[in-house]
Amino acid sequence: QVHLVESGGGLVQTGGSLRLSCLASGSIFRINAMGWYRQAPGKERELVAEIIDGTNTKYMDSVKGRFTISSDAAKNTAYLQMNGLKPEDTAVYYCNADIISWMAGGLTDYWGNGTLVTVSS
């Protein structure tokens, strides 16, 4: 089994910062990519940032310059440093990972259960 667990969400004021963490655990052979998605009530889940092979990163336009995704391969962990938070960033943030698992025997997409980020104005 592979499990993703997010942490680091909370309540902050506009302009504040949070650092989200996503820990992947289980029968992991290799993590090809990890990403952060978010979903606000009544809205579609959207890709916020992703990191491929621990180096290549991509961000949605609205968070460029404010958010930074990184990873620690040794810890099977991804991070999302969020600075200059805005009310429109309020959402449940989900970790996603494309993982080759010893148990599954192939590339599989996994999701965490989410962590809530609330930005007050």
Side-chain angles (χ1 to χ4, degrees):
Q1 297 181 1
V2 173
H3 301 279
L4 305 181
V5 179
E6 304 98 334
S7 61
L11 173 64
V12 297
Q13 293 182 329
T14 298
S17 298
L18 286 172
R19 190 192 192 199
L20 306 183
S21 298
C22 173
L23 172 63
S25 61
S27 55
I28 299 170
F29 171 68
R30 179 179 295 160
I31 300 176
N32 284 20
M34 300 187 77
W36 288 96
Y37 289 72
R38 69 186 184 188
Q39 187 170 26
K43 296 184 178 180
E44 298 290 328
R45 187 173 298 188
E46 58 187 355
L47 176 62
V48 178
E50 62 180 347
I51 183 165
I52 301 172
D53 294 327
T55 55
N56 298 317
T57 60
K58 186 177 181 180
Y59 302 89
M60 64 185 300
D61 289 341
S62 65
V63 307
K64 289 180 179 177
R66 299 189 296 122
F67 291 8
T68 302
I69 188 170
S70 61
S71 64
D72 185 333
K75 297 181 178 180
N76 290 328
T77 301
Y79 306 94
L80 185 67
Q81 179 66 46
M82 304 185 293
N83 299 324
L85 284 163
K86 305 174 181 179
E88 53 262 42
D89 296 319
T90 296
V92 176
Y93 283 70
Y94 297 90
C95 182
N96 172 263
D98 294 324
I99 295 174
I100 300 175
S101 171
W102 290 110
M103 183 175 295
L107 184 64
T108 305
D109 198 49
Y110 296 93
W111 291 91
N113 290 323
T115 184
L116 177 62
V117 172
T118 303
V119 184
S120 64
S121 59

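The structure displayed is predicted, hence computed values, not measured ones. When reading the values below, keep in mind they use all heavy atoms of this one structure, side chains included, and skip hydrogens, waters and symmetry mates.
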Short side-chain donor-acceptor distance under 3.5 Å, D72 and T77: no
K43 side chain near R38 side chain, heavy-atom distance below 4.5 Å: no
Salt bridge (Lys or Arg N to Asp or Glu O under 4.0 Å) evaluation trace for K64 with D61: CA-CA 5 Å; K64 289 180 179 177; D61 289 341; 3.0 Å; yes
Side-chain heavy-atom pair L80, T68 within 4.5 angstrom cut-off: no
Working for side-chain contact (heavy atoms from CB on, under 4.5 Å), residues N76 and I31: CA-CA 8 Å; N76 290 328; I31 300 176; 3.7 Å; yes
N83 vs F67 side-chain heavy atoms within contact, under 4.5 Å: no
For I52 against A33, the heavy-atom pair lying closest together: CG1-CB, 4.0 Å
CG on L85 to CG on L11, rounded to 0.5 Å: 11.0 Å
Shared hydrophobic cluster, I51 / Y59 (ILVMFWY, side-chain heavy atoms < 4.5 Å): yes
Atom pair CH2 (W111) and SG (C22), whose distance is rounded to the nearest 0.5 Å: 10.5 Å
Reported CG-to-CD1 distance for the pair L107 and I100, which is rounded to 0.5 angstrom: 5.5 Å
Exercise: do S27 and S101 side chains pair donor with acceptor under 3.5 Å: yes
Flag side-chain contact, heavy atom, 4.5 Å: P87 against T14: yes
4.5 Å side-chain heavy-atom contact, Q81 and S70: no
E50 side, atom CD; T57 side, atom OG1 - distance, nearest 0.5 Å: 9.0 Å
Pairwise side-chain contact, H3 with L23, heavy-atom cut-off 4.5 Å (strictly under): no
Transitive ILVMFWY side-chain link M60 to V119, under 4.5 Å: yes
Pair I99-L4, side-chain contact (heavy atoms from CB on, under 4.5 Å): steps then yes or no: CA-CA 11 Å; I99 295 174; L4 305 181; 4.3 Å; yes
Point-to-point distance, once rounded to the nearest 0.5 Å, from OG of S21 to NZ of K75: 9.5 Å
Y37/V48 under side-chain contact (heavy atoms from CB on, under 4.5 Å): CA gap, chis, key distance, verdict: CA-CA 5 Å; Y37 289 72; V48 178; 5.6 Å; no
Cation over ring face, R45 and Y94, 6.0 Å, 45°: yes
Pairwise side-chain contact, L18 with V117, heavy-atom cut-off 4.5 Å (strictly under): yes
Cluster link M34 to I28, ILVMFWY, side chain under 4.5 Å: yes
Smallest separation among heavy atoms of S17 and G84, with atom names: OG-N, 4.3 Å
Verify same cluster id: L47, V92 (apolar side-chain graph, 4.5 Å): yes
Side-chain donor-acceptor pair present, D109, N96, cut-off under 3.5 Å: yes
Distance (rounded to the nearest 0.5 Å) between Q13 CD and S121 OG: 9.5 Å
Centroid separation Y93 to W36 less than 6.0 Å: no
Beyond-backbone contact of T115 with L20, side-chain heavy atoms, under 4.5 angstrom: yes
